[in-house]
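Below: one structure, written as structure tokens.
Please read all numbers here as calculations on a predicted model, not as lab measurements. Per chain, numbering begins at 1; letters A, B, ... match sequence-line order.
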Number of protein chains: 4
Amino acid sequence: MKKYSDKESRILDTAAEMFATQPFHKVLLSDVARVASVGKGTLYLYFKSKDDLYFAVLFRGFSILVERLKKYTEVEGSSPSDQLRCIVRDMILHMINKASNAQLLGKVMHYPNSGEWQEKRVELWSLLQSVIEAGIESGEFEDSCPRLTAQYIPSVIRSICLFPPENIDTETICNHACAFVLKSLKKNAPSA
Amino acid sequence: MKKYSDKESRILDTAAEMFATQPFHKVLLSDVARVASVGKGTLYLYFKSKDDLYFAVLFRGFSILVERLKKYTEVEGSSPSDQLRCIVRDMILHMINKASNAQLLGKVMHYPNSGEWQEKRVELWSLLQSVIEAGIESGEFEDSCPRLTAQYIPSVIRSICLFPPENIDTETICNHACAFVLKSLKKNAPSA
Amino acid sequence: MKKYSDKESRILDTAAEMFATQPFHKVLLSDVARVASVGKGTLYLYFKSKDDLYFAVLFRGFSILVERLKKYTEVEGSSPSDQLRCIVRDMILHMINKASNAQLLGKVMHYPNSGEWQEKRVELWSLLQSVIEAGIESGEFEDSCPRLTAQYIPSVIRSICLFPPENIDTETICNHACAFVLKSLKKNAPSA
Amino acid sequence: MKKYSDKESRILDTAAEMFATQPFHKVLLSDVARVASVGKGTLYLYFKSKDDLYFAVLFRGFSILVERLKKYTEVEGSSPSDQLRCIVRDMILHMINKASNAQLLGKVMHYPNSGEWQEKRVELWSLLQSVIEAGIESGEFEDSCPRLTAQYIPSVIRSICLFPPENIDTETICNHACAFVLKSLKKNAPSA
DNA sequence: AATGAATGAGTGTTCATTCAT
DNA sequence: AATGAATGAACACTCATTCAT
């Protein structure tokens with residue numbers, strides 16, 4: 001994990017908040033600097049450009065997320081279903097009502113250096129894919145294309161977190177989302 | 001369905017293409033005008049501002065989509081599963097490699113008039129929800145919260161269309177997506 | 001006197017009002033057309049350009065004024081003092097609280113065709129100058145440069161009408177202005 | 001007196017020159033910036049908008065004028081007539097052939113913040129009014145409404161400076177204007 | 001004659017980026 | 001390292017003018 005200096009972190013935190021709240025072009029670097037309590041020029045000591053800052057925000061967010069989710073796959077004795085459940089629940093709880101984080105799950109880059117950033121997304125998919133494949137291995141799951149399913153999961157969670165239905169409590173949503181995913185993966189008892 | 005004049009349509013088509021390809025602030029109105037073969041001032045005869053044009057693009061896109069999908073729910077003798085399959089397939093085929101259309105499924109608006117536009121998204125969810133509910137009614141499906149499932153479906157499709165796995169052919173993807181959704185909804189045979 | 005068609009008059013009236021109320025660049029021809037109830041293109045049937053319309057407004061205003069004032073100089077048996085009094089009173093009463101008319105007395109044009117319009121101002125000055133000279137001739141007035149005094153008079157009136165002191169009634173103002181001008185012109189009794 | 005920074009002064013000087021020479025809408029901010037040797041963006045560090053710059057120009061001009069004229073009223077042992085003569089002469093000499101300064105004497109504001117600007121005009125009138133009142137006090141002058149006379153004086157001077165008669169030399173004009181004003185104010189010897 | 005939809009040159013304003021301090 | 005005044009390229013938007021009807 002990359003280490004961020006104090007100032008750098010403050011900038012990233014501020015920028016994350018603002019990029020999540022407003023579209024890119026409405027986020028002014030002068031505002032970022034002011035809110036982060038640094039000089040406007042200071043931004044350029046840490047980030048090459050506005051685009052660069054934007055990517056750094058997304059990148060850091062993604063890295064933190066993936067890092068956190070990885071833990072669940074390393075818990076001794078947890079089944080793939082348990083792991084998936086934990087992952088889905090964790091993502092929803094961390095991102096619901098936190099547009100800043102939910103947004104980044106679905107950002108599509110129209111930008112040159114999006115390659116580097118694309119890698120991070122793939123990292124998340126790979127994590128999920130390996131859990132699914134472990135489940136298949138263990139006979140718990142069946143899935144003709146774990147790669148695709150792995151891709152569906154974050155997108156479902158993103159949608160939930162961006163547009164959380166107002167009259168359903170978070171716990172119910174978590175359960176429903178877990179059930180939705182797991183039921184799709186569950187291996188049907190072989191018709192005897 | 002709102003009717004668009006000839007020039008208005010040309011502008012919307014052009015703008016849709018450009019907003020889908022580049023981030024908002026890289027889309028120049030002068031380019032839109034040039035490509036649409038109208039004067040720059042003409043844009044302002046039909047749209048109050050760049051933002052307004054942007055919303056009009058999203059709004060029209062959504063309207064067209066919903067209108068098209070509605071047809072599948074009106075086919076005589078088609079089961080809810082069939083309808084869902086058709087809808088999923090239709091959306092994927094229409095949007096894959098057409099970022100312009102896929103993007104709009106997930107746009108979150110940070111703008112004042114986003115209310116009006118939210119309605120359109122809800123219209124899509126409602127359409128799907130009623131298909132699911134019909135399936136529950138007929139005993140085909142079971143779902144503790146069709147509202148949520150209805151929301152998942154477009155998000156899954158959006159993800160597919162924005163990041164289509166390169167080494168999987170479209171047909172396979174369609175089938176996988178349909179299967180994923182339907183398996184989750186299918187009522188399990190009551191354990192005898 | 002030039003004759004104006006019905007539509008032309010409506011346009012001039014509207015434009016006069018608007019040019020008096022707002023600076024040139026805030027007056028939109030589309031507004032003029034709308035308020036005058038004519039098509040925007042119609043303006044161009046009568047006036048070559050916005051500048052042209054502007055000059056026409058000033059020109060007509062000046063012409064009307066000069067025409068009206070001329071009458072006072074033609075009254076049989078009226079002394080130059082009487083004539084001046086009438087002129088000053090007439091101008092004040094016609095222009096006080098009518099910025100549109102007062103404004104034009106002091107408009108300076110930076111435009112090419114301002115010459116033609118300047119002539120009209122000179123016409124006003126000449127009118128006044130000849131009254132003053134008549135007074136000198138008759139021994140009533142003395143003035144080392146009637147040309148200058150003639151120029152002062154409209155400027156005094158303009159100031160009154162643009163910035164009418166709120167707590168002084170119009171009659172008092174008229175009397176004061178007349179007295180101010182006449183006292184300056186009056187021939188002092190030759191020190192015997 | 002407000003203090004202006006170096007750059008601010010350069011901008012104001014340039015803008016004053018240009019606004020005096022051309023109508024508002026023909027003055028381009030890019031020209032102002034170029035002539036003042038600053039970046040176009042720099043204008044906006046000091047002035048909120050083109051309108052704002054315009055007002056700043058007029059305001060500063062008026063402030064300087066009033067400040068300068070005040071001096072004459074503070075000269076030890078000078079009579080009100082002397083003071084008035086000095087004021088009239090000073091204004092004419094400073095403004096004749098300097099449209100920039102003459103213009104501002106008569107600007108009527110069609111703008112929102114004209115209140116603040118109205119104050120400045122009143123400041124000039126008050127200055128003149130108090131000189132006149134001092135003359136009345138000392139028995140030199142008589143005037144039934146010094147407030148009005150104070151208003152006439154700048155307007156007369158403005159007219160002179162905007163439309164200076166070409167074939168009369170400045171000295172003659174000054175003398176005539178002084179005489180015109182003073183004769184009107186002079187207390188007539190009581191008819192013995 | 002009369003219109004107003006269409007135009008595009010022209011301009012005010014913004015804002016990412018730089019650099020002297 | 002840190003700053004923020006200064007910059008100017010870039011862009012949205014306006015509005016006088018035209019012309020097909």
Side-chain angles (χ1 to χ4, degrees), chain A residues 5-8 11 24-34 36-54, chain B residues 5-8 11 24-34 36-54, chain C residues 5-8 11 24-34 36-54, chain D residues 5-8 11 24-34 36-54:
Chain A
S5 84
D6 174 48
K7 270 204 168 99
E8 198 170 0
I11 294 169
F24 183 87
H25 72 283
K26 298 244 172 180
V27 174
L28 309 192
L29 289 196
S30 41
D31 288 346
V32 174
R34 207 194 50 253
S37 305
V38 300
K40 216 190 319 183
T42 308
L43 298 180
Y44 286 83
L45 294 178
Y46 296 101
F47 307 98
K48 268 201 306 292
S49 67
K50 187 182 180 182
D51 277 6
D52 193 49
L53 172 58
Y54 184 66
Chain B
S5 81
D6 174 47
K7 274 203 165 103
E8 197 171 3
I11 294 168
F24 184 88
H25 71 285
K26 298 247 172 180
V27 174
L28 307 194
L29 290 195
S30 40
D31 289 346
V32 174
R34 205 192 51 254
S37 303
V38 299
K40 212 196 312 188
T42 307
L43 298 182
Y44 288 84
L45 290 180
Y46 295 100
F47 307 98
K48 267 198 306 295
S49 66
K50 189 179 178 182
D51 276 8
D52 194 48
L53 172 59
Y54 184 66
Chain C
S5 82
D6 174 48
K7 272 206 167 97
E8 198 170 2
I11 293 169
F24 183 87
H25 72 284
K26 299 243 170 177
V27 174
L28 308 192
L29 290 195
S30 41
D31 288 346
V32 174
R34 207 193 51 253
S37 306
V38 300
K40 213 181 333 173
T42 307
L43 297 181
Y44 286 83
L45 294 178
Y46 295 100
F47 307 98
K48 267 200 308 294
S49 67
K50 187 181 180 182
D51 277 6
D52 193 50
L53 171 59
Y54 185 66
Chain D
S5 82
D6 174 47
K7 275 206 165 98
E8 197 171 1
I11 293 169
F24 185 88
H25 71 285
K26 298 248 171 180
V27 173
L28 306 194
L29 290 195
S30 39
D31 288 346
V32 174
R34 205 192 52 253
S37 304
V38 298
K40 212 193 316 187
T42 307
L43 298 181
Y44 286 84
L45 290 180
Y46 297 100
F47 307 98
K48 270 199 302 295
S49 65
K50 189 180 180 183
D51 275 9
D52 194 49
L53 172 59
Y54 184 66

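- For the atom pair D/Leu43 CG and D/Ser49 OG, the distance stands at 11.0 Å (nearest 0.5 Å).
- Looking at B/Phe47 and B/Ile11, their side chains come closer than 4.5 Å, going by heavy atoms from C-beta outward.
- Both D/Lys7 and C/Ser30 lie close to DNA chain F; mapped to their nearest nucleotides by heavy-atom distance, the more 5′-ward contact belongs to D/Lys7.
- Taking 4.0 Å as the cutoff to heavy atoms of chain C, we find the contact window on DNA chain F bounded by F/dC15 to F/dT18.
- Under the 6.0 Å distance and 45° angle rule, B/Lys26 does not count as a cation-pi partner of A/Phe24.
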Study note, to complete from the structure: Parsed dot-bracket for DNA chain E after applying the Watson-Crick and G-U rules with both distances under 3.5 Å and | for other-strand partners is .||||||||||||||||||||
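- The nearest heavy atom of DNA chain E to A/Leu29 and to B/Ser37 marks one nucleotide each, and the one closer to the 5' end goes with B/Ser37.
- Distance CG/D/Asp52 to OH/D/Tyr44: 10.0 Å, rounded to 0.5 Å.
- Expressed to the nearest 0.5 Å, how far CG of D/Leu53 lies from NZ of D/Lys50 amounts to 9.0 Å.
- Using a 4.0 Å cut-off on heavy atoms, the residues of residues 41-50 of chain C that approach DNA chain F are C/Tyr44, C/Ser49, C/Lys50, listed by number.
- Not a single donor-acceptor pair, N or O on each side, falls under 3.5 Å between the base of E/dT7 and the side chain of B/Lys40.
- Atom-to-atom, NE2 of C/His25 to P of E/dG10 comes out at 19 Å; the value is rounded to the nearest Å.
- Note that NZ of D/Lys40 and CG of D/Leu29 are 7.5 Å apart. Values are rounded to the nearest 0.5 Å.
- Using a 4.0 Å heavy-atom criterion, one finds that C/Val27 contacts the sugar-phosphate atoms exclusively.
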